[in-house]
Amino acid sequence: MKLPTLREAGTEAKLLLIGIPVFIWTMVPIYHMFVFAISPKEDAFSGKLWPDHPTLHNFSIVFHQQHYFLRDFWIQFWNSTVIALAAGALTLFVATAAAFSISRLRVPGGRAVMNLALFTYFIPAAFLAVPMYRTMGNYGLLNNQWSLILAMVTIASPYAIWVLKQASDKLPVELDEAATMDGASTLQLFRLVYLPLMMPSLVAIGTYAILLAWNEYLYAFLLLSNDTDITLPVALGNFLAADDSPWELLMTTGFIYALPPAAIYYAFKRYMVGGLTAGAVKS
């Protein structure tokens, strides 16, 4: 077994000195959220690192919708799931088609369109909320889940197109030429050559778009208003409207809501790292 050199050991030590504080800083809020979730209401603000009488009663209240603010919990959870998956699928469709057209088909003006799309990121998303609200109103989409889905696709697509285009540029053009010589049509080239080779980047971008829509609050708050149509992040904001907010239930609901994206990230984390950096360095 080869022992690490002094230089390698020093590098590992530096990474640990940076990584451990960052890990602790990241985990402390999550830990406190979990402590709130397993604490009885009277012990929620006791300031202790661990409750004297931990309980799962708060989870039972949330799952069985036994509080006024939680009467539509499962409907709102389902709304969040549908909107996130739809936004992820549409973003993938738009970004994949655009990246293929720009990178492999070399359509005229494709790069200019991509650069103009990226230019929208110079404007904070919060500044676009009011124009987006008016646009959806003009098309009669207010209080319709499609308004939020389309808004999320609009926000996610420029970055998704750029990442997929950069990753696509790294694919050997000889693959396209060989497939074309074998008689493959453009659609066959896209389906049989392009998609399989781009799969890591596609998974990464799909995950990115799903998590973006899953955690969205501002646009969901503006575009949806009915209790049975809103997403769970907006519903969680209702907890803060009460004089005596049930913080233990708020933290329990937030903890439950954080589990699906955590599971998605850890399931696809190897694709996330490789896919999002696929085009970062060009050979």
Side-chain angles (χ1 to χ4, degrees), residues 16 18-88 126 143 145 148 152 207-208 210-269 272:
L16 287 175
I18 297 173
I20 292 176
V22 171
F23 175 77
I24 294 175
W25 181 264
T26 303
M27 293 304 296
V28 164
I30 299 175
Y31 171 76
H32 282 292
M33 178 184 290
F34 179 70
V35 169
F36 261 101
I38 62 173
S39 298
K41 185 173 183 177
E42 58 273 11
D43 294 339
F45 288 95
S46 63
K48 297 180 180 179
L49 292 178
W50 190 257
D52 293 331
H53 306 287
T55 177
L56 296 178
H57 181 62
N58 295 329
F59 287 90
S60 177
I61 293 176
V62 174
F63 287 144
H64 293 93
Q65 305 178 125
Q66 295 174 345
H67 190 276
Y68 175 76
F69 290 136
L70 295 168
R71 65 188 186 280
D72 297 313
F73 170 77
W74 289 114
I75 294 177
Q76 293 157 355
F77 190 94
W78 173 252
N79 292 339
S80 295
T81 303
V82 170
I83 289 171
L85 293 177
N143 299 322
Q145 292 181 358
L148 183 56
M152 290 297 95
T207 304
Y208 156 76
I210 288 173
L211 296 184
L212 182 70
W214 180 266
N215 294 317
E216 178 58 33
Y217 175 83
L218 176 60
Y219 283 84
F221 177 77
L222 287 176
L223 299 175
L224 303 175
S225 59
N226 297 330
D227 288 342
T228 55
D229 292 329
I230 61 175
T231 58
L232 199 52
V234 177
L236 290 177
N238 294 333
F239 281 83
L240 304 178
D243 295 332
D244 184 20
S245 298
W247 290 97
E248 72 285 354
L249 298 181
L250 174 62
M251 293 297 105
T252 304
T253 309
F255 185 81
I256 295 171
Y257 193 67
L259 293 179
I264 291 173
Y265 174 78
Y266 281 105
F268 299 112
K269 62 180 179 180
M272 291 291 290

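Taking CG of L70 as the reference point, atom CG of L250 lies at 9.5 Å (rounded to 0.5 Å). In this structure, OG on S39 lies 13.0 Å from NE2 on H57, to the nearest 0.5 angstrom. Atom CG of L259 sits about 11.0 Å away from atom CD1 of I264, to the nearest 0.5 Å. From L85, atom CG reaches atom CD1 of I210 across 5.0 Å, with rounding to the nearest 0.5 Å.
The heavy-atom pair separating S80 from L232 by the smallest distance is OG-N, 3.0 Å. Annotation for F77 and P260: closest pair CZ-CG, 3.9 Å, computed over non-hydrogen atoms. The minimum heavy-atom distance linking G254 with L236 is given by the pair CA-CD1, 4.3 Å. Heavy-atom minimum distance, P54 versus P51: CD-O, 3.5 Å. Closest of all the heavy-atom pairs between Q145 and D229 is NE2-O, 3.5 Å. Closest non-hydrogen pair, A213 versus I83, comes out as CB-O, 4.4 Å.
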(request) Determine, stepwise, if the pair F63 / I256 fulfils side chain to side chain contact (heavy atoms under 4.5 Å, CB included). (result) CA-CA 10 Å; F63 287 144; I256 295 171; 3.8 Å; yes
(request) Applying side chain to side chain contact (heavy atoms under 4.5 Å, CB included), run through L218 and E216 and close with a yes or a no. (result) CA-CA 6 Å; L218 176 60; E216 178 58 33; 3.7 Å; yes
(request) Tell me, with the steps shown, if I38 and F59 meet side chain to side chain contact (heavy atoms under 4.5 Å, CB included). (result) CA-CA 8 Å; I38 62 173; F59 287 90; 4.1 Å; yes
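The side-chain heavy atoms of Y31 and W50, taken from C-beta on, include a pair separated by under 4.5 Å. Between I230 and N79 the shortest side-chain heavy-atom distance does not fall below 4.5 Å. Here the side chains of T253 and F73 are in contact, with some heavy-atom distance below 4.5 Å.
Using the six-membered ring where Trp is involved, F221 and Y217 have ring planes that are parallel, under 30° apart on the 30 and 60° scheme. Relative ring orientation between F34 and F255 is described as tilted, the plane-to-plane angle lying within the 30° to 60° band.
Other residues, nucleotides and ligands contribute only 12 or fewer heavy atoms inside 6.0 Å of the CZ atom of F23.
Figure legend: R71 and Y68 shown as a cation-pi pair, the cationic atom lying under 6.0 angstrom from the six-membered ring centre and within 45 degrees of its axis.
Side-chain contact of S225 with N143: a donor-acceptor pair under 3.5 Å is present, judged by distance alone. Side chains of D72 and Q65: no donor on one and acceptor on the other come within 3.5 Å.
Y257 contributes a side-chain N or O that, together with a main-chain N or O of W214, makes up a donor-acceptor pair within less than 3.5 Å. Without hydrogens or angle criteria, Q76 side chain to D227 main chain gives a donor-acceptor distance under 3.5 Å. Between the side chain of N58 and the backbone N or O of T252 there is no donor-acceptor pair closer than 3.5 Å. Remark: the backbone N or O of F69 is paired with a side-chain donor or acceptor of H67 at under 3.5 angstrom.
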